[in-house]
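No experiment lies behind these values; they were computed from the predicted model shown. Remember, it's 1-based here, ligands and their atoms both numbered in the order they're listed.
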Amino acid sequence: MHFNTKLIHGGISEDQETGAVSVPIYQTSTYRQNGVGQPKQYEYSRSGNPTRFALEELIKELEGGYQGFAFASGLAATHTIFSMFRSGDHIILGDDVYGGTFRLLHQVFEKSGLRYTLVETNKPETIAAAIEPETKAVFLETPTNPLLKITDIARVAEIAKEHGLLTIVDNTFATPYFQKPLQLGADIVIHSATKYLGGHSDVVAGLAIVKDEAVAKQVGFIQNAVGGVLGPHDSWLIQRSIKTLALRMEAHQSNALQVAQFLVEHPAVAHVYYPGLADHKDHDIARKQMTGFSGMISFELKKEAQVASFVEALRVFTLAESLGGVESLIEVPAIMTHASIPKALREQAGIKDGLIRLSVGIEYVDDLLADLDTALQKAGE
Ligand SMILES: Cc1ncc(COP(=O)(O)O)c(C=O)c1O
């Protein structure tokens, strides 16, 4: 099956019992057993639920992994993956990852002895230099949030393998529609399914997909032991949304390319970060490993003092955190999504206070361009 067909028919796509073409929402916490110690397929919904399983099977197929796992949020997925490591272990972390991922390592796992080094993962040679005897994994995001840097996944995975490390890739921005990290050599993929996979800004969810059986056993154990699982209704919502992923991602990308070009040419704009632009510094790697550039753009205004008045003058773009929904959103990472990263580290990573991030939705593109144009003019007055 073509990937686009798998989006609709992959995994478990209909009810085995009744033939219902939409997987039922098994809104149950527990399951009647045949006799003492004789459960049927499911025992208790933290350990397994048919609706969640349908989603887990689907994402496993889409990413090309051995097993998929669904969690209550993207961070719950990342928490489970970090829980595979122990006190004294060391992780190499991309310096431009989502602020909450950094906070999880810096303020939660570091307390129990998990160590990390921040590295510019888009310069793979810096990864090799950061490897210590206790290093267990490289965790990276590509494209990154918010600077849209691209890391060469195949190169990192090669370095990681030479040193016996796991390569973990947050594939939230690209989705398996545009990028398949496991095929490029990664071991684990993570998603904030809250974003493009959910696609409608109405559910918080996370996914992890694992390539190897032994790692899958560990992840499955922790998923059940910690218990941050996705509920049946939210599992159903994500599976339903994934059916239209191809259409949505094409529309996001098409709009984003036009918005990026518009911003590049606008006199009030100082710099545009979009991997689909030929002068983006990682454009060649993006072309090599992705089949599209997705819908996220960041940019800086020439006059930083105008950021607030520009953002507040917009009418179609909504000022809100999150991304990947059908509606266009705008935010200021230093004050919003990335405020949990100390200012010095943020600036070191190139996230200036005036950086603006757009999640370009799938509205009629002329309305988006007109909205940006009007707000840029107002901010300049
Ligand atoms: C790239 C990326 N990864 C992970 C997360 C965390 O996901 P969630 O908010 O679903 O916990 C986010 C959230 O913004 C994100 O942007």
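At under 3.5 Å, not a single nitrogen or oxygen of Glu141, backbone or side chain, sits near a nitrogen or oxygen of ligand 1. For ligand 1, one of its N or O atoms has an N or O atom of Gly74 under 3.5 Å away.
Ring planes of Phe71 and Phe69: tilted class, angle from 30 to 60°. Ring geometry for Phe102 against His106 counts as parallel: the plane angle stays under 30°, on a 0 to 90° scale with 60° as the upper cut.
Across every non-hydrogen atom of His9 and Ser13, the tightest pair is O-OG, 3.5 Å. In terms of heavy-atom proximity, Tyr98 sits nearest to Glu141 at N-OE1, 2.7 Å.
With a 4.0 Å cut-off on non-hydrogen atoms, Leu75 touches ligand 1 through its backbone as well as its side chain.
Distances shorter than 4.0 angstrom do not occur between any heavy atom of Ala77 and any atom of ligand 1. Within the structure, ligand 1 has Lys195 among the residues with a heavy atom less than 4.0 angstrom away.
Looking at atom 16 (O) of ligand 1, its nearest protein heavy atom turns out to be Asn145 ND2, 3.1 Å. Among protein heavy atoms, the minimum distance from atom 6 (C) of ligand 1 is reached at Tyr98 CE2, 3.5 Å. The shortest contact between atom 10 (O) of ligand 1 and any protein heavy atom is with Thr194 OG1, 2.7 Å.
Close contacts between ligand 1 and Ala205 involve ligand atoms 10 (O) [criterion: under 4.0 Å to a heavy atom]. Within ligand 1, the atoms closer than 4.0 Å to a non-hydrogen atom of Ser73 are 10 (O), 11 (O), numbered from 1 in the order shown.
Salt bridge absent: Lys180 and Glu63 never bring a charged side-chain N and a carboxylate O closer than 4.0 Å. A salt bridge between Asp234 and Arg52 is absent, with no side-chain N of the basic residue lying under 4.0 Å from a carboxylate O of the acidic one.
Side-chain contact between Leu247 and Met249 is absent, with no heavy atoms from C-beta onward closer than 4.5 Å.
Among Asp170, Thr144, Thr101, the residue whose heavy atom lies nearest to atom 3 (N) of ligand 1 is Asp170.
Val97 and Met84 fall within the same hydrophobic cluster, where Ile, Leu, Val, Met, Phe, Trp and Tyr residues are linked whenever their side-chain heavy atoms come under 4.5 Å apart, directly or through other members.
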